[in-house]
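Residue numbers begin at 1 in each chain, while the letters A, B, ... track the order of the sequences.
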Amino acid sequence: MSEQEQRRTRRGRAVRWGVPIAAVAVVAGAVGAGPVIAAVQGAPALPERTAEQLLADAVRAGEAGPRPMSGTLMQTSSFGLPGLPQVTGATGSSPTALLAGSHELKVWYGGADKVRLALPGRMSETDLIVGGGQAWLWESDANKATRIKAGSEELAAHGAGHGRGKGTDHGAEHGPGKGTGHGPGAAGALPEGATPQQIAQELLKKADADTAVGVTSNEKVAGRDAYQLTLAPKDAASLVKEIRLALDGETLTPLRVQVYAEGSAEPAFEVGFTTVTFTPPAPENFTFTPPPGAKVEEKSFSELTSGHAARQDEGERMKDGAEVVGTGWTAVAVLPFSLRDLQEGRPEQAAGGEAAGDATAVADALLKSATPVSGTWGSGKVIRTKLVSALLTDDGRLLLGAVTPEKLVEAAGRK
Amino acid sequence: MRRPGAVRAWWRLFASETGLIFRRPRNLAMLAVLAFVPVLLGVALRLFGGPGEGEADGAGAIFTQIAGNGLFLTFAALALLVQLLLPVSVAVVAGDGIAGEAGGGTLRYLLTAPAGRTRLLTVKYAGAVVFSLAAVTLVALSALVVGLVLFPAGPITLLSGTTVPFAEGLLRIGVVVLYATAGMAALAAVSLALSTLTEAAVGAIAATVVLVIATQVVGAVPQLSGLQPYLLTHWWSGFDGVLRDPVATAEMGRGLLVFAAYTVIFGSVAWARFTSRDVTA
């Protein structure tokens with residue numbers, strides 16, 4: 001082989017290897033380019049609105065009630081909980097699984113009495129179907145259909161109430177601690193109430209003097225042009241950097257809520273639509289007939305959520321002894337709390353079986369990562385996550401807040 | 001003038017390749033094992049019953065459905081086999097593709113025609129894809145027959161709790177077969193790329209299997225869950241969308257995109273390597 005031929009072969013080789021390199025580049029580009037393409041398609045032609053106009057319009061749209069729609073909700077949390085045990089497994093139907101990772105929920109909404117929620121798992125699905133005056137809970141892995149005896153209005157009302165409660169958790173405390181506490185009942189299997197609508201309504205009320213509010217009009221969520229409202233706390237002691245709320249440009253329906261922690265580029269908590277259409281869903285979605293061979297049960301709503309109710313009672317009891325130090329973003333809740341209670345497990349929880357076991361495991365893992373602190377008030381253990389700090393004092397108090405641990409220590413001193 | 005001749009030559013080579021694949025005793029033995037697994041599964045479930053209440057979780061949950069409808073045996077068998085046994089069979093065929101010829105000393109003779117390398121590579125890949133389709137279809141048919149013999153048939157209950165007619169159930173099985181074949185075809189591209197790197201067929205096959213297992217281990221580590229969407233193995237059993245109502249196409253679409261990306265990248269690696277290397281055997 002002459003020298004020239006060799007050189008040609010070598011060049012041919014380089015060209016040939018260019019093909020797979022180009023293929024890798026194209027694929028990597030396609031993976032990374034989604035957001036870029038959205039940005040380039042860019043500047044949606046939405047009329048400018050000030051924060052006030054937007055809020056007013058959104059509240060008006062909210063009062064008129066949500067429009068018929070269907071879509072896929074994705075919830076992503078990375079609270080930065082230290083060393084969670086294996087309970088955050090892939091099955092995702094355990095409530096503790098909501099503390100980390102991504103979860104998908106499909107929503108069909110045809111009106112107040114026509115709702116279907118589906119929580120897909122690998123080779124399984126949990127459905128809540130409300131329609132035609134009936135409410136059904138279908139669990140495919142148990143091949144079990146549960147008819148919920150309460151009227152659908154009551155169900156809808158309870159669902160909304162619960163959702164608002166949860167919204168407060170995230171708005172005021174962003175509390176991973178609360179997330180663990182969902183009832184062991186079947187209803188707890190669905191991340192209920194986590195629709196952006198409900199969370200957003202609570203957030204709108206919270207926009208206050210201690211918050212910097214901003215609006216942009218060039219967001220894209222689930223392929224739709226959207227306004228984005230940003231709420232940033234002014235107090236530096238807050239662990240929350242900002243909360244972003246995307247509202248659909250046309251219907252002003254909340255499409256996405258993101259909570260950003262101080263010093264991190266990715267949201268610590270996000271719930272939002274990945275796909276959404278504002279057309280009435282097909283009526284088949286709201287009818288359910290138990291399939292042949294399935295176990296059919298009938299339960300009243302209170303039976304189904306008894307564990308949850310017990311927890312609510314307990315919550316009430318705790319609230320009696322609780323006090324709040326500070327206001328707004330840096331409010332710190334002080335609760336009477338003893339470590340022994342937690343470790344022995346409360347009677348209600350013991351009855352709750354697996355879910356309670358999960359909660360205890362989470363608590364154990366958290367306590368292991370706690371760092372001891374002390375002050376003039378005594379000593380305790382502090383746990384810090386991205387959004388929430390908790391201080392467990394040796395004199396039996398639990399301080400919780402979306403603030404830096406220093407702020408908690410300071411609050412503990414103010415007896 | 002040259003085109004029709006080239007196409008005819010490709011088909012002639014392809015026919016002889018598929019003939020060789022399906023006449024090889026070891027490939028036939030693998031197909032027999034694949035066809036036997038659904039029989040084993042069906043008989044075991046028939047004799048001992050499905051997992052009891054509370055035992056079923058995750059992917060195992062589907063076994064409870066089989067007792068109610070034989071069609072579910074097909075989905076269960078595919079979900080089970082697609083994890084290891086099907087990939088291993090596909091790796092044996094695709095990994096043998098180039099390295100087997102090189103090891104046997106026949107590669108030189110296959111490459112006597114000009115432009116023969118690209119043609120030989122596409123024929124080898126097409127042969128592996130046909131074998132994947134045959135293997136997946138065989139598993140589905142075997143499971144279908146066993147399911148219909150041992151369990152009641154009739155309208156099929158989907159994961160969403162709705163019921164669809166038997167014929168539509170068959171249609172959905174067809175979609176699953178095509179999806180699983182696409183997943184196996186992506187693995188065949190990986191295996192073929194490894195096959196061009198060595199002259200020992202066993203090396204290419206073993207490397208593919210090790211890669212599959214390592215990927216599954218990575219996929220099972222919760223701390224690395226962020227990587228899952230990029231892993232080939234993660235998407236193989238992602239066909240449960242056809243069992244929902246309405247059919248959840250989004251996830252399967254994403255799976256097909258991942259398969260396409262793997263096929264393009266490793267197919268082009270195989271091509272670049274094979275057309276530029278020195279063939280001495």
Side-chain angles (χ1 to χ4, degrees), chain A residues 9-10 12-24 26-28 30-31 70 72 84 86 88-91 93 100-102 104 106 108 116 118 120-125 127 129 136 138-145 274-275 281-282 284-285 287-295 354, chain B residues 50 53-54 56-65 67-69 75-76 79 152 154-163 193 219-220 222 225-226 228-230 237-241 243-246 248 250-251 257-258 260-262 264-277:
Chain A
T9 325
R10 221 170 286 141
R13 256 176 221 190
V15 172
R16 284 175 196 287
W17 278 103
V19 176
I21 293 169
V24 171
V26 166
V27 169
V31 169
S70 57
T72 307
L84 272 190
Q86 192 54 53
T88 55
T91 50
S93 50
S102 300
E104 199 181 69
K106 296 196 170 185
W108 292 263
R116 177 180 163 201
R122 264 268 143 111
M123 288 290 170
S124 70
E125 189 170 306
D127 279 82
I129 299 145
W136 287 91
W138 160 253
E139 290 157 281
S140 84
D141 49 1
N143 199 18
K144 191 170 88 178
T274 51
T275 60
E284 300 93 81
N285 283 311
T287 57
F288 182 81
T289 321
K295 268 175 284 173
E354 202 182 308
Chain B
E53 184 158 353
D57 61 331
I62 197 171
F63 292 116
T64 51
Q65 307 254 359
N69 196 310
F75 295 106
I156 179 168
T157 301
L158 300 177
L159 296 179
S160 304
T162 39
T163 305
S225 61
Q228 271 181 7
Y230 305 102
S237 56
F239 51 72
D240 48 2
L243 292 174
R244 303 189 196 283
D245 182 38
E251 172 151 332
L257 280 180
V258 171
Y262 269 86
V264 168
I265 289 178
F266 284 94
S268 61
V269 166
W271 177 80
R273 163 73 186 163
F274 187 53
T275 53
S276 63
R277 85 168 191 189

(request) Sort B:Ala250 into side chain, backbone, both or neither according to what part of it lies under 4.5 angstrom from a heavy atom of chain A. (result)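 Neither part, no heavy atoms under 4.5 Å.
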
(message) At a 4.5 Å cut-off on heavy atoms, which part of B:Phe266 comes close to chain A: side chain, backbone, both, or neither?
(response)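 No part of it gets close to chain A.
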
For [X] and [Y], does a side-chain donor sit closer than 3.5 Å to a side-chain acceptor?
X	Y	answer
A:Thr275	A:Thr72	yes
A:Arg16	B:Thr275	yes
A:Glu125	A:Ser140	no

(message) Run the side chain to side chain contact (heavy atoms under 4.5 Å, CB included) test on B:Phe75 and B:Ile156 for me, step by step, so that the C-alpha distance in whole Å, both residues' side-chain angles and the decisive distance to 0.1 Å come before the verdict.
(response) CA-CA 12 Å; B:Phe75 295 106; B:Ile156 179 168; 4.0 Å; yes

(message) At a heavy-atom distance under 4.5 Å, which candidate from B:Phe239, B:Trp271, B:Tyr230 has the highest pair count against chain A?
(response)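 Answer, by heavy-atom pair count under 4.5 Å with chain A: B:Trp271.
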
(request) Would you mind telling me which of A:Ala145, A:Pro291, A:Gly18 has the largest number of heavy-atom pairs within less than 4.5 Å of chain B? (result)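 Of A:Ala145, A:Pro291, A:Gly18, A:Pro291 has the most heavy-atom pairs under 4.5 Å with chain B.
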
(request) Answer with side chain, backbone, both or neither: which region of A:Trp136 has an atom nearer than 4.5 Å to a non-hydrogen atom of chain B? (result)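 Neither; nothing under 4.5 Å.
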
(request) Can you tell which part of A:Val24 gets under 4.5 Å to a heavy atom of chain B, answering side chain, backbone, both or neither? (result)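 It is both, since atoms from each part get that close.
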
(request) In sequence, state the C-alpha distance, the side-chain angles, and the governing distance for B:Thr162 and A:Phe288, and then conclude on side chain to side chain contact (heavy atoms under 4.5 Å, CB included). (result) CA-CA 7 Å; B:Thr162 39; A:Phe288 182 81; 5.6 Å; no

